[in-house]
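Numbering of ligands and ligand atoms starts at 1, following listing order.
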Amino acid sequence: MEKSMMQNSLLYPRSNACRRKTSLDGLWKFCFDPEAKGKKEKWTEEGIASPVSMPVPASFADLFTTEKERDYCGDFWYETEFYAPADLQNKKLILRFGSITHRAAVYCNGQKTAEHEGGFLPVVCDITEAVKKGEMNRLVVWANNELSESTLPCGSVKTLRSGKKLAKPYFDFFNYAGIHRSVYLLELPEQGIADYSVTYELEGGDAKVHYQVACAGEGQVRVSLYDAEGKQVAAGEGARGILKVEKVHLWQVRRAYLYTFKMEFWQDGKKTDEYQEQIGIRTVKIEDEKILINGKPVYLKGFGKHEDFEVIGRAFNWAVAKRDFECMKWIGANCFRTSHYPYAEEWYQLADQEGFLVIDEVPAVGMMRSMLNFADAGTGKFTAFFEAPTASELLKNHKKQTEEMIARDKNHPCVFAFSLFNEPETTSDASRNYFSAVFEHARKLDPQKRPLTGALEKNSSPEECKCFSLLDFVCLNRYYGWYINGGPDIEDAMEEFREEMDAWEGKKLKVPFVFTEFGTDTLVSEHKLPGVMWTQEYQNKYMEMSFEVMDEYSFVQGELAWNFADFQAQEGIMRVNGNKKGIFTRNRQPKDAAYAMKNRWEKSEN
Ligand code: CKX
């Protein structure tokens, strides 16, 4: 299947004079396929068997009332129909799924039009040749949610005695699956704008916007830039160039300013394509122990999050996202990490508008052979991973998903860093070789050359970790006072925390450190004075202790608590209907600790 340039394009779907998008969201047909017989039985052409209705976008897990469906692992199918215009007028017809978790193949009238591995980035298919024009068309999607040690995220599949398959994630969040983001039918010009990138240079009060537009076909490119009032401030010609912006309004943390960058594609004196997007002019730099945005140090305050909500699971929902931003503004946050996968594009659009900084994370989680990362993390147990024969396939997937993430998100001003892993095994030579290859690859991809990082768990200690020198700033996930010396032992936890920080200080790395996780499971129902583990009082006590230690080290430049909200996880003796480390509950109401954090974060500047 040869991929067209337009099919490679990950530009966000937009309608304008030259492009049209039609939403295919709604109620689709759906079925499970535990025997994986759909392909053999030609469901791809003839339609899926015994379907039930299924909302798109949504995870399927929490819509049903039996375990069979919630915990389903294997193949599953979607089907819908759509009308293709009778006259395409030199247009290409593209189908674009924001994501299908974890892998999919898309069939239009029985013809395979795309295959995609990875559940958190767009699936784009050129269906121009496969559609029947002026008629209804059958669209069938095969999907699968199994995990292995060569997939991102990592895990395995267990088969019960009954033959029932269960996903066994090596990570601590529910293995939600389905069509999680919106689906669009796009009518795009055959030749036109496929991609663009912008980089920035500040000169006194002015700025230079270096742009590059990638086009399918021959034509002339014209670009222009508009301020927030809609006034044109610069214009240029050619597929690459520099736009000078006088008296620039910078995109600043929690004081966003967005310009509109407009591109046009002309052929034979006729405009055949246009595309516009909001951009924010800002620079990002790591200097010594500081994170500089527009040359000024910023201290990160916020959370690791999840895409997770009642009923819809991991699907994107504008109202939930809006509420999350309101909660984050209320508490005085300025940053979040898209733990542990790239989120729906709309999250980044909101962050651009609200001036939030984002650490954008690839779904490289569970890279440790362990029952669950958290069970073995910090125990010092050797959890070898990259020595396995699966590592070469894993690396291929890791590089590919890093490419797709950076291609999709590179122009968002909110994205100031890319995280290339969460809590892998990092103490072996094999892990060093593996991650050297990932980082080397990623460094070539970002036009803005943003900092690259990754989140290290406790086994990745200053003494044992072989990978921290790959990171432009070091992210630590630490649970002193929870997984390590929790409850009455917290005073020892505090001392051990200091000992580790002293050891990092001793290394004189001259890079910033950010805590990307710290927290305690806290049941909103539990109160006790003095606090004991799982109570709201203990969450407060733990936070106080953690902040006291973090404040003692000047190279600590950020604190992203785990987690913004309670979230669904796999069942287990350490989880009470999910992970309860939220500072907010799963339905986005503050726990007591939220007020203390608000107090702390509102006192410090952005
Ligand atoms: N970090 C010791 C990864 C997150 C988990 C978090 C937890 C772990 C802790 C590792 O995905 O949810 O256990 O709460």
statement: For Arg575, the atoms of ligand 1 under 4.0 Å from one of its heavy atoms are 7 (C), 13 (O), 14 (O)
task: Provide the number and element of each atom of ligand 1 under 4.0 Å from a heavy atom of Lys581.
output: 7 (C), 13 (O), 14 (O)
message: Can you name the atoms of ligand 1, numbered from 1 with element, that are less than 4.0 Å from a heavy atom of Glu423?
response: 1 (N), 3 (C), 8 (C), 9 (C), 10 (C)
query: Can you name the one residue among Arg478, Lys301, Arg600 that meets salt bridge (charged side-chain N to carboxylate O under 4.0 Å, His left out) with Glu559?
result: Arg600
Salt bridge (Lys or Arg N to Asp or Glu O under 4.0 Å) involving Arg103 - partner list, sequence neighbours excluded: Glu117
message: Measuring from non-hydrogen atoms of Phe171 to any atom of ligand 1, is the shortest distance under 4.0 Å?
response: no
- prompt: Near Asn579, which atoms of ligand 1 are under 4.0 Å from a heavy atom of that residue?
  reply: 7 (C), 12 (O), 14 (O)
- prompt: Can you list the ligand 1 atoms lying under 4.0 Å from a non-hydrogen atom of Tyr483?
  reply: 2 (C), 7 (C), 9 (C), 13 (O), 14 (O)
Result of checking Glu307, Arg70, His180 against Ser59 for side chain to side chain donor-acceptor pair (under 3.5 Å): His180
message: Is it the case that the ring center of Tyr553 lies less than 6.0 angstrom away from the ring center of Phe513?
response: no
query: Do Asp521 and Arg575 sit within salt-bridge range, that is, some charged N less than 4.0 Å from a carboxylate O?
result: yes
- prompt: What part of Phe173 sits under 4.0 Å from ligand 1 if we count only heavy atoms: the side chain, the backbone, both or neither?
  reply: neither
task: Please find out if less than 6.0 Å separates the ring center of Phe173 from that of Tyr341.
output: yes
query: Taking only heavy atoms of Phe567, which atoms of ligand 1 are found under 4.0 Å from at least one of them?
result: 12 (O)
message: Need the ligand 1 atom indices (1-based, order shown) with element for anything under 4.0 Å from a heavy-atom of His340.
response: 3 (C), 4 (C), 11 (O)
- prompt: Looking only at distance, does Trp562 have an N or O less than 3.5 Å from an N or O of ligand 1?
  reply: yes
- request: Could you tell me whether Glu544 and Lys541 make a salt bridge, using a distance below 4.0 angstrom between a side-chain N and a carboxylate O?
  value: no
